[in-house]
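In the text below, chain A, chain B and the rest are named by the order of the sequence lines, each starting its count at 1.
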2 protein chains.
Amino acid sequence: MVFSALADPTRRAILAMLLEDDMAVTDVAEPFEMSLAAISKHLGILSEAGLIAREKRGRVIWCKLEPDALRTASVWMQGFGQFEPVDLDAFERFLADEFNPIDEAGLATG
Amino acid sequence: MVFSALADPTRRAILAMLLEDDMAVTDVAEPFEMSLAAISKHLGILSEAGLIAREKRGRVIWCKLEPDALRTASVWMQGFGQFEPVDLDAFERFLADEFNPIDEAGLATG
DNA sequence: AGGATCGTCAACCAGATGGTTGAATATAGG
DNA sequence: CCTATATTCAACCATCTGGTTGACGATCCT
């Protein structure tokens with residue numbers, strides 16, 4: 001379920017990282033202060049929700065954002081929001097603000 | 001947290017009901033096959049997430065949708081969705097489709 | 001005042017969730 | 001082939017979640 005997947009700050013942080021670029025599982029895990037297995041589980045949940053896709057190349061699994069699921073859920077939510085068109089700047093603000101999942105998630109500093 | 005609040009099908013069903021009109025707690029609970037106390041908890045979570053507001057008039061507490069929180073979260077999600085403007089019809093389809101929370105939630109039939 | 005209705009609170013319970021560790025699988029490379 | 005790397009799997013654990021029931025406070029009505 002998309003919303004359950006988004007409910008966890010670690011997973012939102014992962015999505016934010018993948019917004020920058022596709023990443024290998026190990027690299028996704030690197031900034032977090034938790035085990036690789038935990039991150040692997042999170043990636044499984046994100047994948048199950050359709051929010052990311054995983055593609056194996058050699059022994060490395062590449063993760064990339066799958067924006068459709070988010071768009072879909074966003075449509076649902078906008079149904080309640082009375083459809084004022086959304087502006088890009090607001091998103092930038094959130095990424096630098098308290099809504100920022102990176103701050104909430106237990107990221108290693110450095 | 002908005003996304004945790006949205007993660008539960010009962011709560012999404014409640015939001016869909018409130019989209020129609022403001023409702024008293026008892027009336028919100030009526031179609032569900034669970035106790036009033038359970039619904040009261042759900043309303044507390046929705047309220048905590050800023051998704052609804054509750055106003056006491058006499059002994060009745062009226063619940064109404066608070067679309068700002070949804071708009072806010074929707075903005076965040078659209079940040080990942082590459083910002084194609086969203087159309088209203090899509091929302092209508094969801095309400096009649098598998099994304100419909102009313103079907104997922106344990107609603108009494110009739 | 002007294003009874004019925006509206007809603008929440010508190011205690012409790014089963015199952016889901018998010019984390020851990022250690023073993024297992026698959027691939028790359030010397 | 002052998003070892004190191006990349007990732008998942010399985011078992012386990014603590015905490016959160018969503019439900020229950022029964023008691024309670026507040027309000028309306030007669």
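- In this structure, the CE atom of B/Met34 is 10 Å from the P atom of D/dG18, given to the nearest Å.
- Here C/dT27 presents its C1' atom at 11 Å from CD1 of A/Ile61, a figure rounded to the nearest Å.
- The nucleotide whose nearest atom lies closest to any side-chain atom of A/Ala24 is, among D/dG18, C/dT8, D/dT7, D/dT7.
- Map B/Val60 and A/Ala38 each onto its nearest nucleotide of DNA chain C; the residue landing nearer the 5' end is B/Val60.
- Under 4.0 angstrom from either OP1 or OP2 of D/dT7 there lies no side-chain N or O belonging to A/Arg54.
- Residue B/Ile45 is classed as a sugar-phosphate contact, given heavy-atom separations below 4.0 Å to backbone atoms only.
- D/dG19 atom C1' lies 11 Å from atom CG of B/Asp8, rounded to whole Å.
- With rounding to whole Å, A/Ile39 atom CD1 is found 15 Å from D/dA6 atom C1'.
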Throw together a table of side-chain donor-acceptor distances under 3.5 angstrom for residues 17-25 of chain B, partners on residues two or more places apart or in other chains.
none

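- In this structure, B/Glu55 places its CD atom 14 Å from P of C/dT8, rounding to the nearest Å.
- In this structure, B/Trp62 atom CH2 and C/dC6 atom P are separated by 11 Å, rounded to whole Å.
- You'll find the side chain of B/Ile14 reaches within 4.5 Å of the side chain of B/Phe32, heavy atoms only.
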(request) Go through B/Leu6 and B/Leu15 one step at a time and tell me if the side-chain contact (heavy atoms from CB on, under 4.5 Å) criterion holds. (result) CA-CA 9 Å; B/Leu6 292 174; B/Leu15 291 179; 3.5 Å; yes
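- When side chains are defined from C-beta on, B/Trp62 does not count as touching B/Lys56, because their heavy atoms never get closer than 4.5 Å.
- The shortest distance between the side-chain N/O atoms of A/Ser40 and the OP1/OP2 oxygens of D/dT7 is not below 4.0 Å.
- Of the side-chain N and O atoms in B/Ser35, none sit less than 4.0 angstrom from OP1 or OP2 of D/dG19.
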Side-chain donor-acceptor pairs of residues 36-55 of chain B under 3.5 Å, sequence neighbours excluded:
| residue | atom | partner | partner atom | Å |
| --- | --- | --- | --- | --- |
| B/His42 | ND1 | B/Arg11 | NH1 | 3.1 |
| B/Glu55 | OE1 | B/Arg57 | NH1 | 3.4 |
| B/Glu55 | OE2 | B/Arg57 | NH1 | 3.4 |

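- One interatomic measurement links the two molecules: CZ of B/Phe32 to P of D/dG18, which rounds to 14 Å at whole-angstrom precision.
- Residue B/Leu36 is in base contact, counting any heavy-atom pair closer than 4.0 Å across all strands shown.
- Residue B/Val25 places its side chain closer to C/dT8 than to any other of D/dT8, C/dT8, D/dG18.
- Taking 3.5 Å as the limit, the base of C/dG7 and the side chain of B/Lys56 contain no donor-acceptor pair of atoms between them.
- Set against C/dT8, C/dG19, D/dG19, the side chain of B/Lys41 has D/dG19 as its closest nucleotide.
- Between the C1' atom of D/dT17 and the CD atom of B/Glu48 lies a distance of 15 Å, rounded to the nearest Å.
- Both B/Met34 and B/Val28 are members of a single hydrophobic cluster when ILVMFWY side chains are connected at heavy-atom separations under 4.5 Å.
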Polar atoms only, N or O, under 3.5 Å: list the protein pairs with nucleotides 28-30 of chain D and their distances.
none

